[in-house]
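The structure under discussion appears below in the form of structure tokens.
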Amino acid sequence: MKIFNLPDLGEGLPDAEIVEWHVAEGDEVKVDQPMVSMETAKAVVDVPSPENAVIGKLYGQPGDIIDTGKPLVGFLEAGETAEDVAAETAATHTEAIDTAAAADPQHAVTTSSDAEQSSDSSTQSAAASSSAADDAAQTQADDAEDERADTGTVVGAMETSDRVQVEALSTVGGVKVSPAVRALARKLKIDLSRVKPSGADGVVTARDIKAAAENPHLLAAEQQPPVSADEPEPKVSEPGQLGATASPDQARVQSQDPAPYGVETSHHPARGEWEPIRGTRRTMARIMSESHAQVVATTLMDDADIHAWQPGQDITIRLLRALWAGAQTEPGLNAWYNGKDNVRMIHKGMDVGIAVDTPDGLFVPALRGVHKATAAELRQGINRLRDNVRDRSIPPEDLKDYTIMLSNFGVFAGRYATPIINPPCVCIVAAGKLRHDAVPVLGGFEAHRIIPLSLTFDHRACTGGEAARFLQAMLKDLALPQ
Amino acid sequence: MANLTLVEAVTQALAWELEHDDSVVVLGEDVGINGGVFRATNGLQQRFGDQRVIDTPLAEVMIAGMSIGMAAQGMKPVAEAQFMGFIYPMIDHMVCHAARMRHRTRGRLHCPMVLRAPFGGGIHAPEHHSESTETLFAHIPGLRVVIPSSPLRAYGLLLAAIRDPDPVVFLEPKRIYRQYKEEVPDDGEELPLDVCYVLRDGSDITLVTWGAMVKETLQAADALAEQGISAEVIDVATIKPLDTATIIESVAKTGRCVIVHEAARTGGMGAEIAAQLADAGLWHLHAPVKRVAGYDTVMPLYKMEMQYMPSVQRILNAVNEVLEVS
Amino acid sequence: MSSNVAAFNINHYQFLDPAGNLVGNNQPAIAREFDKLVDYYKLMTLTRTFDKKAIALQRTGKLGTYASCLGHEAAQVAIGATMREEDCFAPMYREYGAQLYRGVKMSEILAYWGGDERGNDFSGPQHDFAWCVPIATQCLHAAGAAMAYKLRNEKRVAVSVVGDGGSSKGDFLEAINAASAWKLPLVLIIMNNQWAISVPRSKQNTAQTLAQKGIAGGLPSIQVDGNDIVACHWAMEKALDRARNGLGASVIEMITYRLSDHTTADDARRYRDNEEVDQAWAREPLLRLRSWLESSGVWDDEQQQALEADCVEQVNAAVEEYLALGYPGNESMFDYMFAELPHDLQAQREQALKELPAQPEGHH
């Protein structure tokens, strides 16, 4: 049998009630012929036949409520007869009866015996059992009609549930509080962490907040710094006054009971406070992390002996020249490497990124054209960069695209280091603190001026040999008198 | 003490105020004998009479204009627009008069009215019954716009709105009118206006939303929790004045923000929140602020409405986009 | 088969004709209450003097756009004189005669048009509505007020005035409907001055009267000669009485003429005949009342001169008061937005007070 389900008669209505059938089982119907009048929450609607067919089964009586999408009419399929349908229906009805019988054992006794009869009388029994089932259905329908739920909406269909929900409490900062109370605390500008909870389970209630707003003394004391071991000793009482009332200072100090050294107090006196990192520090953190993640860094260290230098030479300029000397020997260190695409760019000239330390953080401005600049030009360039960095007028394009890096960290302390490369560069040279050292010379010792150098190279792009030869060229150039 | 749905909580709040404040009247179309087309005023006329719960002729402009007149003469009218889709003619009175009465008379007159309306889509309703245009009111200086998202908040915020001496537009998200029940004590305790409600603590991302979208946003937060991502969920509640401090405080913790609203994207309140974050919370952000909102299209008829409205999946997509870049 | 289920009549009332003669039968008592009439005449003259001065102030850059009430004095004073203090008045933006009667100060009217909200915080009954620019919206506010009075069982009436143009608007019609549905203690006045800026009465509506719009609500609706203070006074008293005693609302169409431009920003010569205006002057309210008072022996040239001088003095004093108002202070942009300033506005207020000059440039 082909089942025709009750369509949605409008606006998502959940069901409709059968008012009157205009056809009977066995009738032949034409398409669009009205089959039944259904009453919805709003109106009585005629449901037409969707096709030319013979009615096999009507799924309800006037007064029955049919859910949208549930069977309304069954049409006979080719070859089916009314008897076939009746038998089918009896079977399903038996199931229905069994279900109904669970509520009414009396019915069960009567109808199960009916169902045992032969198929010839099955129509009869089907009719009998179907009427019993119909009675049950009718009672159910009547009950449903009386208790028919208010849809609660004049249009559409709304999700309805009786499920009871309890909103989660917040436990931020160790304080148990509902969203509403937390909002109230914000509105009244009360520090939640200082409110004494009075609710069950240590929950802060709205009353607690309001009480605190009216009586600030109800709030827990702000955390006082504990008395440290360095506090001055309380005044010793005068002789003869022992046992007399202690001075107020004394009393306060004594009552505060400083924690024994080394034991953590609830105040965490040693701890600072989390502050967000901003600006250049944040950039540094990001770049260093990226570098660490990509670059395979190896560092060579050696000393440059500048004993032979003529007086009045600028260390930075000599270092810059030495870098170029190194690059001419081993161009592979004056290059860019892109690990993702596995390509390398060996530079024809040299722009040096010079690390500059400022109170605002680390800057690496680029000194352009080191390979062809005169010493004076280099000095000018360095000064300009330094000034621009200091007054923060340096444009972004001057902070990038250098081909190699130089760091002169030795102003304060430190000899050798493992400086970090900013990719895509593959080399950074760092100069440590200038020192005098005893150097063996011709069987004796001399005190020579030494600049310690550390060269970090990216071992993805350069070999140790290349780096060593680069460094050697640097040392050689630096050893020259000028 | 009753377990109430959101709409029942509205009724309970109205009943409390009608009982305890003689100057409160409820008026609107079908609010009296019918109890409101969503039953929001169910039983009130039977209890308080037709001088307190008034069925009006079908005339929105009249409802708005008369509410203003009543309010200026010492009453506290709680007017209903049957659907947000029918509220637009009332905008004239709300903007030209309610919003500015106190200001333009230097306090000589003021307008303590509440305009309630069911709003938002998702109930398979015919056209014009699914609007979400809260920004129209939020833009107007002098109006408060309040949107509850739970039975508890519906009760407390409506009490606060009625008691407020200035006009409040109270928009009730009808899709969640009956979605679940909550224990709502009938104690007359109002909830604070002008602050956000943090519904869930989190440390990885802040989800900001209001109205019916709270449902989907909490579901998204649950899904994220299963992936080990801790999402903080903020219910804005009072759309105007906006409590940006709570949002910024949250973003300072999480560094990431996704705003979810049903209203169309352009010029929605999400844009205002994003602008405020760009102004006062930029340094906290690790990633761009994303908005998951209705498309800038006419709200479609119901066949498509659930496609229009932000779904849990769309929220998760936005969260993933944000997490990918930060 | 049809039967007549409703019919209506609209009557027009006049007791003092343009020449200042009492006409008609059953003249109301006020027609001969000369002490009152003299008071009304004085206020009408003051209103006109004020009005003239206000225009002059605008033309000399001391006042913003101003809506003149020239020609409406009788209607307005009648409204003010018949209302009680506890009644509430919801004006449009031209009803100075009524407002002055009720205690609003001339300097406050000037303050409003002079761009200062303090004008709306006017003297007189504190429950009166302020000037209303969105056309006809005041009718619904009055209806709301009437509803409040009814619900509270107070013997108070709400009165609103709308123009011939405004009577076309939905708000007015909804007010009629509301008044009908709830039998509100309301008086709706259509101040038909024949012009809605440049649109003549004939283009607003082709019904014979505007008063008959009240018939749609089943309200008693009449027409009076708006330049005849006796008729206006009589009609107002009846309407107020009905409303006060629970008999519901009325509609009164007062027929007058807008002798001035719509506002100082308008030039009526662009759209109407000078001849028509001249003819209207012949029917104007002060002339006929003066005529009646003189012919009744209670007024003469000497009193007229004294009155005119006194009015000029009063108006000048008001102008001084207005000009001395000073700048309201930047904080006033914020301080009246809400009962308690919300946090977002507090921040903006602080910002504004920091960055704005204490006064705009060129402020006197």
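Below, chain A is the first sequence line, B the second, and so on; all start at residue 1. Everything numeric in this text was worked out from a predicted model, so none of it was measured.
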Just by distance, no angles: are the side chains of Asp162(A) and Tyr180(B) close enough, under 3.5 Å, to form a donor-acceptor pair? no
Ala237(B) versus chain A, the contacting section by heavy-atom distance below 4.5 Å: neither
Under 4.5 Å, counting heavy-atom pairs only, tell me which of Glu189(B), Lys174(B), His286(B) racks up the most with chain A. His286(B)
How about Gln307(B): does its CD atom have over 12 heavy atoms from other parts shown lying under 6.0 Å from it? no
Side chain, backbone, both or neither: which part of Asp235(B) has a heavy atom under 4.5 Å from chain A? neither
When the 4.5 angstrom heavy-atom criterion is applied to Gln82(B) and chain A, the contacting part is neither
Considering only heavy atoms, which portion of Leu191(B) lies under 4.5 Å from any heavy atom of chain A: side chain, backbone, both, or neither? side chain
Val195(B), Leu218(B), Leu4(B): which one forms the most heavy-atom pairs within less than 4.5 Å of chain A? Val195(B)
Between Ser37(A) and Asp46(A), do the side chains contain an N or O donor and an N or O acceptor separated by less than 3.5 Å? yes
Are more than 12 heavy atoms, taken from residues, nucleotides or ligands other than Lys70(A), located less than 6.0 Å from that residue's NZ atom? no
One thing to verify: whether Arg175(B) and Glu305(B) come together as a salt bridge, which I'm taking to mean a side-chain N less than 4.0 angstrom from a carboxylate O. no
Considering residues at least two apart in sequence or located in another chain, which fulfil the side-chain hydrogen bond (donor to acceptor under 3.5 Å, both in side chains) criterion with Gln294(A)? none
Can you tell which of Gln165(A), Glu167(A), Lys187(A) has the highest number of heavy-atom pairs within less than 4.5 Å of chain B? Gln165(A)
Verify the distance criterion only: is there a donor paired with an acceptor across the side chains of Glu232(B) and Thr254(B) at less than 3.5 Å? no
Going by atom types only, do Ser198(A) and Asp208(A) share a side-chain donor-acceptor pair under 3.5 Å? yes
In terms of heavy-atom proximity below 4.5 Å to chain B, should Arg163(A) be classed as side chain, backbone, both, or neither? both
Can you tell which part of Glu190(B) gets under 4.5 Å to a heavy atom of chain A, answering side chain, backbone, both or neither? neither
Who wins among Gly36(B), Gly156(B), Ala245(B) for the most heavy-atom pairs under 4.5 Å with chain A? Ala245(B)
Given that the side chain runs from C-beta out, which part of Ser130(B) has a heavy atom under 4.5 Å from chain A: side chain, backbone, both or neither? neither
Does any heavy atom of chain A fall under 4.5 Å from the side chain of Arg200(B), the backbone, both, or neither of them? neither
